[in-house]
Amino acid sequence: MKKLIAWSAALALVVGAGTVVPAAAAEPYCGITWGSTDEQSVSSPVHETHLVDVRAGRHECFDRLVVDIEGFTGSYSVGYVDEVTGIGSGLPIPLRGDAALSILVESPAYDSDGDATYRPADPQELVDTTGHDTFRQVAWAGSFEGQSKIGLGVRARLPFRTFFLTGPGETTRVVIDVAHQW
């Protein structure tokens, strides 16, 4: 019986020695499990929509960009690119940071009469990113043929997520969160 217990203990040591769990795998940063691959949502808007504002905020684990839409939009496309280009022109939009996110929403920044619903005071600095951990610059890339485009310069190619928030009333917010780290 003693030999059986000794062999069982030795076997447990050998099997257990090969099982190593790295510290990084124990818990993701702030519980974030997002990735860095392109994200999109494609569906038709319920009715005419207009981009009306762009704003940013800081959170404990991520920086947040919010695109305010009047009406219910159903489409966005967000992803890392080598270079953000102007919508319609194709000209490069310079951005600070070591990575760039291209944000395209299916909502123009003008109404059916061609009047602007969103006119940034400074197209190169849509929001003040001072003090943000991840954001370096938010720049306007234009609005053309029912779509609007924004360039987001970030510190590095970090995990992000994109989703809709609806309301209050007939409004939609396209939310882009970029983690502070992996």
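Model, not experiment: these values are computed from the prediction.
No continuous path of ILVMFWY side-chain contacts below 4.5 Å connects L95 to V105, so the two sit in separate hydrophobic clusters. In the hydrophobic clustering of this structure, V127 groups with L51; members are Ile, Leu, Val, Met, Phe, Trp, Tyr whose side-chain heavy atoms approach within less than 4.5 Å, directly or through other members. Criterion: ILVMFWY side-chain heavy atoms under 4.5 Å apart, direct or through other members. Under it, W182 and L101 are part of a common hydrophobic cluster. Transitive grouping of hydrophobic side chains (ILVMFWY, heavy atoms separated by less than 4.5 Å) brings I69 and V54 into a common cluster. In the hydrophobic clustering of this structure, V174 groups with W140; members are Ile, Leu, Val, Met, Phe, Trp, Tyr whose side-chain heavy atoms approach within less than 4.5 Å, directly or through other members.
Note: L126 CG to Y118 OH = 4.0 Å, rounded to the nearest 0.5 Å. For the atom pair OG1 of T171 and CG of D53, the computed distance is 11.5 Å after rounding to the nearest 0.5 Å. The distance from atom OH of Y29 to atom CZ of F62, rounded to the nearest 0.5 Å, is 9.5 Å. Rounding to the nearest 0.5 Å gives a distance of 7.5 Å between CZ of R161 and CD1 of I32. Here the straight-line distance linking atom CZ of R173 with atom CZ of F163 works out to 9.0 Å at 0.5 Å rounding. Distance CD/E106 to OG1/T49: 7.5 Å, rounded to 0.5 Å.
Within the structure, side chain to side chain donor-acceptor pair (under 3.5 Å) pairs that include any residue of residues 81-93 comprise T85-K149 (at least two apart or interchain). Listed by first and then second residue, the salt bridge (Lys or Arg N to Asp or Glu O under 4.0 Å) pairs that reach into residues 122-137 are R96-E125, sequence neighbours excluded.
Between Y80 and F160, a ring centre-to-centre spacing shorter than 6.0 Å is recorded. Aromatic pair F164/F72: ring centres not closer than 6.0 Å.
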- Could you please spell out the steps behind the side chain to side chain contact (heavy atoms under 4.5 Å, CB included) verdict for E70 and E170? CA-CA 7 Å; E70 187 177 90; E170 293 187 5; over 6 Å; no
- Message: Set out, in order, the CA-CA distance, both residues' side-chain angles and the distance that settles salt bridge (charged side-chain N to carboxylate O under 4.0 Å, His left out) for D68 and R55, then state yes or no.
- Response: CA-CA 8 Å; D68 291 318; R55 52 200 169 91; 2.7 Å; yes
- Task: Show the numbers, then the answer: is there a side chain to side chain contact (heavy atoms under 4.5 Å, CB included) between L165 and T172?
- Result: CA-CA 6 Å; L165 290 174; T172 305; over 6 Å; no
- Evaluation steps, side chain to side chain contact (heavy atoms under 4.5 Å, CB included), between T162 and Y76: CA-CA 9 Å; T162 309; Y76 62 75; 3.3 Å; yes
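Formation of a donor-acceptor pair under 3.5 Å by the D111 side chain with backbone atoms of D113 is found in this model. The closest donor-acceptor contact from the side chain of H180 to the backbone of E60 lies under 3.5 Å. Between the side chain of Q137 and the main chain of G153, no donor-acceptor pair closer than 3.5 Å is present. Listed for the E39 side chain is no donor-acceptor partner under 3.5 Å among the backbone atoms of G79. Side chain of T117 to main chain of V52: no donor-acceptor pair is present (N/O by atom type, distance under 3.5 Å, no hydrogens or angles).
Side-chain contact between D38 and V78 is absent, with no heavy-atom pair separated by less than 4.5 Å. Using a 4.5 Å heavy-atom threshold, the side chains of S148 and S107 count as separate.
Residues meeting the side-chain hydrogen bond (donor to acceptor under 3.5 Å, both in side chains) test with R58, sequence neighbours left out: none.
With respect to V84, the side-chain contact (heavy atoms from CB on, under 4.5 Å) criterion is satisfied by exactly one of L152, I93, I103, I150: I93.
The heavy-atom pair separating A109 from S143 by the smallest distance is N-OG, 2.8 Å.
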